[in-house]
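Note that the coordinates shown come from a computational prediction; the quantities given were computed from them, not determined experimentally. Start at 1 and go down the list; that is how both ligands and their atoms are numbered. Just so you know, these numbers use all the heavy atoms, side chains as well, and skip hydrogens, waters and symmetry mates.
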Amino acid sequence: MQKQVSFPREKFKILLLEGVHPACVEKLQQAGYQPELLKNALSEDELVKRIPGVHLLGIRSKTRVSKKVLEAADSLLAIGCFCIGTDQVDLSAAALHGVPVFNAPFSNTRSVAELTLAEMVMLARRAAHKSQLLHRGVWEKSADGCVEVRNKTVGLVGYGHIGPQVGLLAEAFGMKVYYYDILGKLPFGNATQVASLKELLALSDFVSLHVPETAETRNLIGAPEIAQMKQGAFLLNLSRGKVVDLPAVKSGVESGKLGGVAVDVFPEEPASNDEVFSCPLSGLDNVILTPHIGGSTLEAQRNIGLEVGTTLLKFTEVGSTTGAVNFPQVELPLVRESHRILNIHRNVPGVLSSINTIIAQMGGNIQAQYLNTLGDVGYLIIDVDQTISAAVKSKIDELPTSIRTRLLF
Ligand code: NAI
């Protein structure tokens, strides 16, 4: 059900920077919007000049949205980051300005899973190592230490979005899949959850890490954990650099305890392609190093365009903030024959009661309502009778706690 929103879509100003994927532009155009697309990032000063009047801003990782930019943004309703990271945006300042920030954390899940599987095969066959030798003119045709992945066990640490995809692809190769997660997770395919990391490490020919970086996952795999792994087991980290203690992994490779390692993410990563890179594993045999490209595919870029485009549209058309990284998450199904008011407010006691008093005093009926808070900000969606919606909106707007109030439809 598409409601007739209270603003003309063609006059709604959407500014997309850094060559956001055409799939997103197409999606917005199909919904009746006319986004403006710039190929490059803008500097802070350029953005301060461009941002007044803009309702939606789309960026990738190079555009910084600072407090100064947000202060100049007189009409901004939401920011879409067409990438995974959101540290280029001052998230708390955005929340205090009533601006939710969206990103696309799961658009590259499959890309990571495919690279993980490919690297398992490369490690098992010592193929990356042999390729490096051959580039240097060394012909090392030998089956020594080379195995199939079929009938081997893979232990997945972290079974969120990526873990299960790796598991399903591994099963297609004939591998037996175990996983360990701090949460109870339903298995996909024939995978089996185990109760502890220790148990998983002891079972696995391949250990593949798919956890976020948290205080608990820092150095999750160090010398004691490597000691618990099978002799000659393989370790893959395509999650976050600080999850693994690289000097301990180096010792594991040098002693032969680890048969091979693949690492895509590092505790310290170069800020640009111009910097020279080295790490404790550089130059070791049967170690595959890749420059954080697990999720970098054309398909993932397109998925990111569509995912962020969809969340921005859902926010603009129905007020949903599901997936926002800095904002209370609120989603309310559409009710026919009602008007929808969105209120962003300072999170202090009594706001809901003041708003409901306003509606009651006008003799209005609340058809649906959903409030959620996060930190200093509260977000409320209310569906009310059409006859009183405009008056209710004005009164709510006047409350000293209100940051922004909109009558959506
Ligand atoms: P997710 O958030 O969907 O899943 C993570 C899982 O790890 C959750 O099920 C969680 O319960 C579990 N977990 C958290 N702490 C744990 C612990 N101490 N022990 C065991 N399990 C624990 O994340 P998703 O999307 O599957 O991504 C996994 C990792 O991959 C993340 O670190 C993400 O940043 C990284 N990533 C890397 C990319 C690359 O280019 N190499 C691209 C995309 C994601």
Side-chain angles (χ1 to χ4, degrees), residues 60-61 81-87 103-120 122 154-170 177-188 191-204 207-222 224-225 228-229 235-246 261-270 273 277 279 281 288-304 307-308 322-323 325 329:
R60 291 170 72 175
S61 53
C81 296
F82 289 77
C83 48
I84 315 296
T86 50
D87 49 5
N103 67 341
F106 307 122
S107 295
N108 53 15
T109 298
R110 170 72 188 205
S111 304
V112 179
E114 286 191 9
L115 187 62
T116 307
L117 250 295
E119 291 188 335
M120 284 185 198
M122 295 290 275
V154 55
L156 304 168
V157 185
Y159 202 67
H161 286 82
I162 296 174
Q165 295 291 321
V166 174
L168 288 172
L169 293 177
V177 179
Y178 294 94
Y179 61 95
Y180 165 69
D181 198 292
I182 43 169
L183 303 177
K185 297 271 179 164
L186 280 177
F188 287 71
T192 307
Q193 182 157 18
V194 298
S196 70
L197 180 60
K198 191 174 174 192
E199 192 181 337
L200 188 86
L201 296 175
L203 276 170
S204 306
V207 173
S208 191
L209 308 176
H210 303 288
V211 289
E213 185 187 324
T214 64
E216 289 74 39
T217 61
R218 238 169 205 246
N219 288 335
L220 188 70
I221 303 294
E225 291 73 26
Q228 290 160 14
M229 289 170 68
L235 176 68
L236 298 99
N237 184 18
L238 290 89
S239 63
R240 282 290 173 260
K242 292 189 175 134
V243 171
V244 161
D245 176 10
L246 287 184
V261 175
V263 182
D264 186 48
V265 286
F266 301 87
E268 310 294 335
E269 295 185 359
N273 286 352
F277 173 79
C279 79
L281 305 182
I288 302 174
L289 302 180
T290 46
H292 202 149
I293 52 160
S296 306
T297 61
L298 297 178
E299 288 85 351
Q301 289 305 315
R302 181 170 190 278
N303 291 343
I304 287 171
E307 188 178 336
V308 181
T322 302
V325 295
Q329 313 249 336

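- Taken from CD in E307 to CZ in F82, the straight-line distance is 10.5 Å, to the nearest 0.5 Å.
- For T217, no nitrogen or oxygen atom sits less than 3.5 Å from a nitrogen or oxygen atom of ligand 1, counting backbone and side chain alike.
- With respect to atom 42 (C) of ligand 1, the closest heavy atom belonging to the protein is V112 CG2, 3.4 Å.
- Nearest protein heavy-atom neighbour of atom 28 (C) of ligand 1: H210 O, 3.3 Å.
- The N/O atoms of G163, backbone and side chain alike, include none that comes under 3.5 Å of an N/O atom in ligand 1.
- Taking every heavy atom of L183 and a limit of under 4.0 angstrom, the matching atoms of ligand 1 come to 11 (O).
- Backbone and side-chain nitrogen or oxygen atoms of D264 are examined, and one is located within less than 3.5 angstrom of a nitrogen or oxygen of ligand 1.
- The closest protein non-hydrogen atom to atom 44 (C) of ligand 1 is I162 CD1, 3.6 Å.
- The distance criterion of under 3.5 Å between nitrogen or oxygen atoms is met by D181 with respect to ligand 1.
- By the neighbour-count criterion of 12 heavy atoms within 6.0 Å, atom CG of L183 is densely surrounded, having more than that number from other residues, nucleotides or ligands.
- For ligand 1, the polar-atom distance check finds an N/O of V211 within less than 3.5 Å of one of the ligand's N/O atoms.
- Shortest contact from atom 37 (C) of ligand 1 to any protein heavy atom: L238 O, 3.2 Å.
- Distance from atom 13 (N) of ligand 1 to its nearest protein heavy atom, with residue and atom name: I182 CG1, 3.7 Å.
- Of the protein's non-hydrogen atoms, S239 O, 3.5 Å is the one closest to atom 35 (C) of ligand 1.
- Not a single heavy atom of T109 lies less than 4.0 angstrom from ligand 1.
- Here's the thing with T214: none of its N/O atoms is less than 3.5 angstrom from an N/O atom of ligand 1.
- Shortest contact from atom 43 (C) of ligand 1 to any protein heavy atom: N108 OD1, 3.5 Å.
- For G295, a nitrogen or oxygen atom sits less than 3.5 Å from a nitrogen or oxygen atom of ligand 1, counting backbone and side chain alike.
- Atom 23 (O) of ligand 1 has its closest protein heavy atom at H161 N, 4.5 Å.
- Centroid-to-centroid, the aromatic rings of F277 and F266 come within less than 6.0 Å.
- Below 3.5 Å of separation, one finds an N or O of R240 facing an N or O of ligand 1.
- T297 places a side-chain N or O within 3.5 Å of a backbone atom of A300 that can act as its donor or acceptor partner.
- Proximity of F106 to ligand 1, defined as any heavy-atom pair under 4.0 Å, is confined to the side chain (atoms from C-beta onward).
- Contact of the Q193 side chain with the K185 side chain is registered, since non-hydrogen atoms from C-beta on lie closer than 4.5 Å.
- For ligand 1, the polar-atom distance check against I293 finds no nitrogen or oxygen pair separated by under 3.5 Å.
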